[in-house]
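Below is one structure, written out as structure tokens, with a few remarks after it.
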Amino acid sequence: MRHVIIALFLLLPVMAFAVEPDEMLQDLVLEERARVISKELRCVVCQNQDIDSSNAGVARDLRILVRERLVAGDSDEEVIAFIHARYGDYVLMRPPFNASTLALWLAPFVLAVVSLLAGWAIILRSRRKGVVADFSEVEEAEIARFIDINTPKDN
Amino acid sequence: MGRILAFIPLAIAAVFGGFFLWGLNPDRDPNNIPSVLISQPAPQFDLAAIEGLETPGLSRADLVDNAGPVIVNVFASWCVPCRAEHGILTQMVEKDGLRLFGINYKDKPEDATKWLAELGNPYERIGSDLSGRAGIEWGLSGVPETFIVGPDGTVLFRYVGPVVGDEAIARFREALEQAGALPRGQNG
Amino acid sequence: MIWLVFAALSTIGLLFVGLPLRRRSEMTSVMADTTPAVLLDQLDEVKRDLERGVISGAEATAAEQEIKRRILMQSRKTAQATKELTSGGRFAIVLSAMFVPAFAFGYYAVMGSPEIPGIAFSERTAERQETAKVADLTNQLYDRLTTDPSGGPSEGWMLLGQTYSRMGRFADAAEAFGIVAKRPEATSAVFSMLAEALISAEQGVVTPAAVTAIEHAMELDPSNPAAVFYKAVALRQKGDIAQAHDLLVRRLNNADSFYPWMESFVAEANRIGTEIGRAPISLANFAPMVNAPGPTQEDIENAQDLTVEERQAFIMSMVERLAARLQDEPDDLDGWMRLGNAYSVLGDREQAIVALERAEILLSEAPQNDPRRQTLKEALARMRQ
Amino acid sequence: MVRTAQSGEFIEGVDDQMTPEVGHFALALALALALVQSVLPILGAKRRNILWMQSARWSAFGQVLFVTVAFLALMQAFITSDFTVKNVVENSNSLKPMLYKVAGTWGSHEGSLLLWTLILTVFGAAVALFGSNIPQALKARTLSVQAWISVGFLTFMLFTSNPFDRVFPPPSDGQDLNPLLQDVGLAMHPPLLYFGYVGFSIVFSFAVAALIEGRVDAAWARWVRPWTLAAWMSLTAGIALGSWWAYYELGWGGWWFWDPVENVSFMPWLMGTALLHSAIVTEKRDAFKSWTILLAILTFSLSLLGTFVVRSGLLTSVHAFAVDPERGLYILGLLAVSIGGSLALFAWRAPMMEPGGLFKPISREAGLLVNNLILTTATGVVLFGTLYPLFYEAMTGGEKLSVGPPFFNAAFIPVMLPLVFAMGCGPFLSWKRADLPGVLQRLRFVALLAVLGTLAVWYLAEGGPVLGYLSLMLAFWLFMATVREWTMRIKLFEGPVSTSWRRASNLPRSAHGMTLAHAGLAVAMFGFIGSTVWKSEEIMFVQPGADISIGGFDVRFNGVERVRGPNYFADRGELTVSRDGKYLTDLFPERRTYPVAQSTTTESAIRSTLAGDLYASIANPASEDASTQGAWTLRILYEPLVNFIWIGSAMLVLGGGLSLSDRRLRVGAPRRKAAVTARVPAE
């Protein structure tokens, strides 16, 4: 395990910014697309970083690759698919929508529906007509005594 | 009804707890990323030899139509764990007669040459991947990584990190046995 | 001193539990339930809100009704809860108070390390200076050796290499030993030290360079224990565990007396022996039992699962047996030297000197060119430092 | 042999040479007290034994004393760089600046656990000290439950992660603390975050005690409220500080990354916020009782979950501590006992609670219900998203998946936006039954203003996503509605200012607190939106003398200078910022190298104004092309409105503080004389 960590660290060059000027494309539209795509791809050697903000060597290679594919005329989806084919689901920051991620993508909807149902049930239950009985004389007296006993008498 | 509802939080917590217990299983390495290449044909790549070294280069064509499974090891002279792994791979070549190919990842030719001269060169072919592009094709996440490729060019196994230590070697040898590169049961 | 502090702390801990035992009269007042106060305040609040016009009159009445209903409930609850408060249970408190120090000392006795002092970094100037001095001297030595037109004396390089090794700079150490190893006068020890440095530098992996060094060391002196040891390591890494094991055992068998390196040999042999199912061996089999009654089967079995301390004690008893035998055969020169060595390994300097001096007397009758003279002189000098 | 002689001398030497062991011993005493406290008071409450119940008070004080002694002992070891303590060796260095030596005390897993326990005991002692308005039996039970948690964490620390493990002989110097963590913001971040995290423990203890006692009512809700508020404030401040740290230390200019560790601190916050609101309903209307209890349990459970995730290596994260499955198992056991136990107790007792006051679909209660449901849903989304990679891996047998910011942004924001809308209306609604047309009438003007404000921004700014404008409109809506509600309460503009002033000062402080906090959220939202939607960025190679223009500023790069710090050296860039030819300021971004820890950090330089931050950071070129020889990589960002995030967060915290200072929360506290008269009435 320790060795693996060493190995991973060795892939990190001297700290640099994530996106380097020499990687960037002259074409501003393509560059903008590249930045957007980069935020969708995970740096596989880092922990929860997209390749756009990672300074690992592999991330840099992937960024250059993304730009090369864009220059070659790929669409955004094709670029992502190209990298997805090599690194698998793990590389996608936005999990793909398929059978095994159905639960994840549906979770917000399911939770929202459950919440709505629960809220509705609670409100239904709470609007029942309560018995608004007045207090009897004995009860009034008891309340008055309670208030009297418990009122601070130091003033 | 209320009684059943009151149990729901406990039930959910129990399910979560079960997953956590599974997640703590010591064999699980949260940093390990499975390869999409397993059971897939080895990727297309064509790498020239390391400049100044007699060992020839490596391309996908060299990984198909072999008599038996071969090992593809990604290494670099700047990678400390690669040194540790080197002896073990050498031994597999010398003692078990396995065929070993190398991809020299992002390494200066002169460094790689010096490194191999110092530690010995067990590789049959070495491709020099200066740009790291072949590494991407292989879905590389770090160095070293070692693959077992079947005779038809199918990737059978991938090991991330150095094959060092009894446990790692045992795992690797088991994969070699399954691939048919080693006779079964030899490793006790 | 430290136990005094612990005792004081424990007393405080004990008091913290025991304190409720004092002061008894004030307690009942604290027992008042403050729920009524909260309810009354809520009533007040409705009144205030009404005055401020935040709520309408109807809202205020409804809210008041609700709070009054709670008051009613609370009032009945209070009426029901007539169960008397008790204030006994003093014994449980005393017992709990005693438990606190007892538990703390019990835990600490097992887990604490009272023998280790805390040392602030600023108090360690002497040590730092020492380290700096060693580093400085090492650098000086290195400079002298490298600027020496004749390449520097081998002794110098060896000293440098050993210093580097001790500092953990194995690659540098290997370089220093490597220079001597290229010279014609290189002994087996030079090569084995080189091998050791090379292997340490690679974190235990035997590289081809290390193998070459081991081979050279073995050629020059097949009995060099260090060479044999690393040869075994190399064999084991190549997968020839059986051969490695045999090699270690053979060397142990060839030893004529107890040497400090034997322990690591036995440990290594047992470590790799388990992999191929060899029976464990015991140091006792090879310890200096020339004429003494050998260890019983029971001894051997016991020795196998000993802790470090127990093993130390075990060796000690072996040494004592040797010492006892020498009382009967005081003319055994080799025996005295072995005993001296053994004591020095065990760290008993005075005993070692005594034994070596006995050997020195016996040795004075030996011829001048007896190699043991030199060994003894060195050993004595080392002990008397 | 020589060594023993020396250590003998040391032991008889100066006092502080034994502090590490004193710390260790003090922890053992704290554990002993916690054990006593976890049994005696709760038994006392059951048997109505006053002595036993009373013992909770002093053992709670004792615990805090001994844990403090241990904490100070560890701190002393860090300050003096005592490398006989393993934890100091691993996390400090003699060259480290004093501030970070002190902060190193809680920088590691062991030290932070000690801090955790310290705060845990502080909250217990605080209840013992200030909770004089809480009935004795409830207090005794609460403190016992708190002591159970103490026992759990003290044993965890002593048996798996002892901060006082020793090394002898000491190494010549220590390894350094991760330089990324050597920062003022971060030094203060964990203590605050833990105050929040751990503060919820006392609320949890109150909930469990109430379940054991079988009594939850308006009074209970009122006793618990100040503790909830205090914990919530700290957590808010802690999260805000952490995000501020990430913003200026990591050099990317981002302030939230949906990292698992961020998420696990965010979830207790969301739940805690729900709890805060649900407790109001319980207090005022005696309703939502089992729900409030459940929220109290869940909030602290999520805090524990956070601790578990950070320390077990279950998920990969930038911030996680060293991975250790054994520790993970121990915490999982702790989780199982505490969360499982409390939820089981809940399942058993909750159905027995009496139903509370009734209300109509349009009412303050319903509004707070909406708040609770949305916050719970949002928590669920974050929880599920954070843990899904683990679930996925378990279900598929080893396949991996990433759930990153794109998912959270897509799932979380749409869930939360309706809450912002509801927040605008909620305070206008009266209890039980609200007058909907009246409320709508009052809010018509607010809605109009929100639309106008958004249109104005749309006109001024150059485009942006629809979701951005929708969020902006809601932020305007929330801000205006909150202000409108406040002016209505104090009848501002409806009479003389003096009357309004008098009304304002008569208003309970908690009302002002709510207004401030709600407005704070709106302000923070402006920050979130501005710095996300209208952020601009320039990354380039620059030679000295180069000019860059960004966000209306002109930046000139003057070159780079090598400077030295106490335990690092740095390349410091010099930038001159001007606008329309007028000099504004100089910026000095640094790239620091820490030789001992062998790592590098970027120190960004920021020109902060209310309108936005000009944010510069520097690194040298990674490639060595001839064309870029001598050039430096410069990254300049313009982040509009970003400071509103921290201002809004500060308003949230202050709002909580105002609420906390409300005198109603202390009703029932004996006012010395009153205490005597409030003697148990002799029936």
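The chains referred to below are lettered A, B, ... by the order of the sequence lines, with proteins before strands, and numbering in each begins at 1. As the structure is a computational prediction, the values presented were derived from the model and not from experiment.
Counting non-hydrogen atoms of other residues, nucleotides and ligands closer than 6.0 Å to NZ of Lys432(D) gives a total above 12. Within 6.0 Å of CZ on Phe61(D) lie more than 12 heavy atoms contributed by other residues, nucleotides or ligands.
Only the side chain of Phe66(D) comes within contact range of chain C, judged by heavy atoms closer than 4.5 Å. For Leu43(D), no part sits under 4.5 Å from any heavy atom of chain C, backbone or side chain. For Leu29(D), the parts lying under 4.5 angstrom from a heavy atom of chain C are both the backbone and the side chain. Contact of Asp217(D) with chain C is made through the side chain alone, with heavy-atom distances under 4.5 Å. For a residue to count as touching a neighbouring chain, one of its non-hydrogen atoms must lie under 4.5 Å from one of that chain's; by this rule Leu15(C) does not touch chain D. At a 4.5 Å heavy-atom cutoff, Gln37(D) makes no contact with chain C through either its backbone or its side chain. Contact annotation for Ile79(D): neither backbone nor side-chain heavy atoms come within less than 4.5 Å of a heavy atom of chain C.
To the nearest 0.5 Å, the span separating CG on Asn506(D) from CD on Glu51(C) amounts to 9.5 Å.
With hydrogens and angles disregarded, no donor-acceptor distance shorter than 3.5 Å links the side chain of Arg124(C) to the backbone of Asp82(D).
Taking a cutoff of 4.0 Å between a charged side-chain nitrogen and a carboxylate oxygen, Glu59(C) and Arg364(D) do not qualify as a salt bridge. Using a cutoff of 4.0 Å between basic side-chain nitrogens and carboxylate oxygens, Arg166(D) and Glu115(C) are not scored as salt-bridged.
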Worksheet item: Could you go step by step and tell me if Phe83(D) and Ile119(C) meet the side chain to side chain contact (heavy atoms under 4.5 Å, CB included) rule?
Response: CA-CA 7 Å; Phe83(D) 294 122; Ile119(C) 310 168; over 6 Å; no
Worksheet item: Going through the checks in order, is the side chain to side chain contact (heavy atoms under 4.5 Å, CB included) test met by Phe164(D) and Ser113(C)?
Response: CA-CA 9 Å; Phe164(D) 295 107; Ser113(C) 358; over 6 Å; no
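Considering every non-hydrogen atom in both Phe99(C) and Val36(D), the closest pair reads CD2-CG2, 3.7 Å.
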Under 3.5 Å donor-acceptor pairs involving side-chain atoms of residues 100-109 of chain C, not counting sequence neighbours:
unit_1    : atom_1 : unit_2   : atom_2 : d
Tyr107(C) : OH     : His24(D) : NE2    : 2.8
Tyr108(C) : OH     : Glu21(D) : OE1    : 2.2

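Take Thr499(D) and apply the side chain to side chain contact (heavy atoms under 4.5 Å, CB included) test, not counting sequence neighbours, and it matches Pro496(D), Arg502(D).
With contacts defined as side-chain heavy-atom distances shorter than 4.5 Å, the pair Ile93(C)/Trp52(D) qualifies.
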